[in-house]
Every structure is written in C-alpha cells, then in structure tokens.
Amino acid sequence: MEFVKKIPKFDYQNRNYIKSDFEQDVSMTSDYLNFYLDELDESELGGIIDLKNRKKSRNSLLMEGLNLIRVGIYPQASYFATFDYSIDIDGEPCNQLLVLNINQDGTLDYITWES
C-alpha cells in the first residue's frame with residue numbers, strides 16, 4: 001500500500017529517467033519517439049504537439065506528451081513495478097508503450113519499448 005501512495009513521486013522520478021535516457025547516444029526513449037515521428041503524418045502529429053513551437057524539438061515535445069497509463073506491481077520479479085507510458089492520438093493511448101521497470105526503492109531497473 002505504501003508503494004501505491006508513492007506512485008505520483010515515482011512518476012515524477014520516472015520522467016527524469018526518461019529524459020536522461022533520451023539524452024544518451026543509444027536510447028530506447030529516442031527510438032520510441034522517433035517511431036512516432038516517422039509513422040505519423042503532419043496532421044496526426046499536429047494533434048499531439050504544437051508544430052509551430054520552435055523552442056523545443058519535436059522529440060522533446062512528444063516526450064512531454066507521454067502519459068502514465070498503467071502501473072503493475074510484481075513482487076516476485078527481478079524488478080518490483082512496471083510503469084507504462086504512451087502517447088495519446090485522438091484522445092486514446094497508443095498500443096506502443098515506453099515501459100520503465102523500477103525496483104522497490106524507485107531505482108531504475110531498465111527502460112524498454114513494448115507493443
């Protein structure tokens with residue numbers, strides 16, 4: 001129950017993990033975001049981010065649009081919890097997920113991309 005109360009704190013922390021991963025040379029987060037930039041047409045992309053924003057990259061804007069859509073707790077796994085993030089298109093979460101697995105203390109185990 002204590003873990004559940006800390007979900008907002010973990011979400012904030014996870015977003016820092018996502019940002020840090022995004023800044024690496026090899027990045028699951030960048031691969032995930034680039035998938036959307038490659039697959040979506042301009043009108044779909046315009047429904048998610050402000051295409052006129054020149055202060056931030058499209059990747060950064062997409063990253064800011066990630067929504068936490070599910071938390072799973074797995075006490076028997078090598079990690080403790082899974083946080084699934086997705087981008088909404090037309091108000092619905094996509095089936096492509098950026099997944100963060102964290103340990104019980106909130107440290108990052110790993111980031112992956114699932115569908």
Side-chain angles (χ1 to χ4, degrees):
M1 189 62 164
E2 190 64 31
F3 185 87
V4 173
K5 291 178 186 175
K6 293 181 180 177
I7 287 175
K9 176 186 152 214
F10 290 130
D11 178 40
Y12 178 81
Q13 180 176 288
N14 288 345
R15 291 175 186 279
N16 287 327
Y17 290 142
I18 290 168
K19 185 176 185 291
S20 178
D21 181 62
F22 175 72
E23 294 169 350
Q24 302 302 310
D25 290 336
V26 176
S27 165
M28 190 63 64
T29 302
S30 289
D31 291 347
Y32 176 82
L33 297 172
N34 285 330
F35 167 79
Y36 285 103
L37 292 175
D38 292 342
E39 293 295 317
L40 299 177
D41 64 34
E42 288 292 300
S43 65
E44 290 171 314
L45 202 52
I48 302 169
I49 64 173
D50 177 9
L51 297 175
K52 295 177 184 170
N53 186 329
R54 300 287 180 227
K55 294 181 181 177
K56 296 182 180 180
S57 71
R58 288 183 174 191
N59 281 25
S60 294
L61 294 169
L62 272 177
M63 188 170 42
E64 291 172 3
L66 286 170
N67 295 310
L68 177 61
I69 61 167
R70 189 187 81 82
V71 177
I73 300 174
Y74 304 97
Q76 280 76 35
S78 61
Y79 52 88
F80 187 76
T82 297
F83 287 73
D84 295 345
Y85 292 85
S86 181
I87 292 172
D88 288 353
I89 297 178
D90 297 327
E92 295 292 324
C94 295
N95 64 350
Q96 302 294 318
L97 304 173
L98 187 64
V99 178
L100 279 78
N101 292 322
I102 65 168
N103 300 309
Q104 194 163 3
D105 64 358
T107 57
L108 179 67
D109 192 48
Y110 64 91
I111 298 175
T112 189
W113 172 10
E114 297 177 3
S115 59

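Along the sequence shown, the residues carry numbers beginning at 1. Predicted, not measured: the structure shown is a model, and the values here were computed from it.
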Are D109 and I102 close enough that some pair of their side-chain heavy atoms sits under 4.5 Å apart?
no

Per side-chain contact (heavy atoms from CB on, under 4.5 Å), I111 is matched among N14, V99, L100 by L100

Taking [X] for its side chain and [Y] for its backbone only, find out whether a donor-acceptor pair lies under 3.5 Å.
| X | Y | value |
| --- | --- | --- |
| N103 | D105 | no |
| E92 | D88 | no |
| E39 | Y36 | no |
| N67 | I87 | no |
| N34 | S30 | yes |
| E114 | Q96 | no |

Return the orientation label for the Y85 and F83 ring planes: parallel under 30°, perpendicular over 60°, tilted otherwise.
parallel

Look at atom CG of D38 and say whether more than 12 heavy atoms of other residues, nucleotides or ligands are closer to it than 6.0 Å.
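Atom CG in D38 is packed in, count exceeds 12.
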
Between S86 and Y32, does a side-chain contact (heavy atoms from CB on, under 4.5 Å) hold up when you go through it step by step?
CA-CA 10 Å; S86 181; Y32 176 82; 4.2 Å; yes

To the closest 0.5 Å, what do you measure between [atom1] ([X]) and [atom2] ([Y])?
| X | Y | atom1 | atom2 | answer |
| --- | --- | --- | --- | --- |
| Y17 | F10 | OH | CZ | 9.0 Å |
| L61 | I48 | CG | CD1 | 11.0 Å |
| R70 | T82 | CZ | OG1 | 6.0 Å |
| S27 | W113 | OG | CH2 | 11.0 Å |
| L108 | Q13 | CG | CD | 8.5 Å |
| S60 | M63 | OG | CE | 4.5 Å |

E42/R58 ion pair, N-O < 4.0 Å:
yes

Between E64 and R15, does at least one N-O distance fall below 4.0 Å, as a salt bridge requires?
no

Stepwise side-chain contact (heavy atoms from CB on, under 4.5 Å) test for L98 and L66
CA-CA 9 Å; L98 187 64; L66 286 170; 4.0 Å; yes

Hydrophobic cluster membership, with links at side-chain heavy-atom distances under 4.5 Å among I/L/V/M/F/W/Y: are [X] and [Y] in one?
| X | Y | answer |
| --- | --- | --- |
| F80 | V71 | yes |
| I73 | I69 | no |
| Y110 | I18 | no |

Which heavy atom of [X] sits nearest a heavy atom of [Y], and at what distance?
| X | Y | value |
| --- | --- | --- |
| L37 | L45 | CD2-CD2, 3.8 Å |
| L40 | E44 | CA-OE1, 3.5 Å |
| K5 | P8 | O-CD, 3.6 Å |

Steps toward side chain to side chain donor-acceptor pair (under 3.5 Å) verdict (N59, S57):
CA-CA 5 Å; N59 281 25; S57 71; 5.4 Å; no

What do the steps show when you test Y74 against Y79 for side-chain contact (heavy atoms from CB on, under 4.5 Å), and what is the final call?
CA-CA 7 Å; Y74 304 97; Y79 52 88; 3.9 Å; yes

Would you please test F22 and L33 for side-chain contact (heavy atoms from CB on, under 4.5 Å) and show each step?
CA-CA 9 Å; F22 175 72; L33 297 172; 4.0 Å; yes

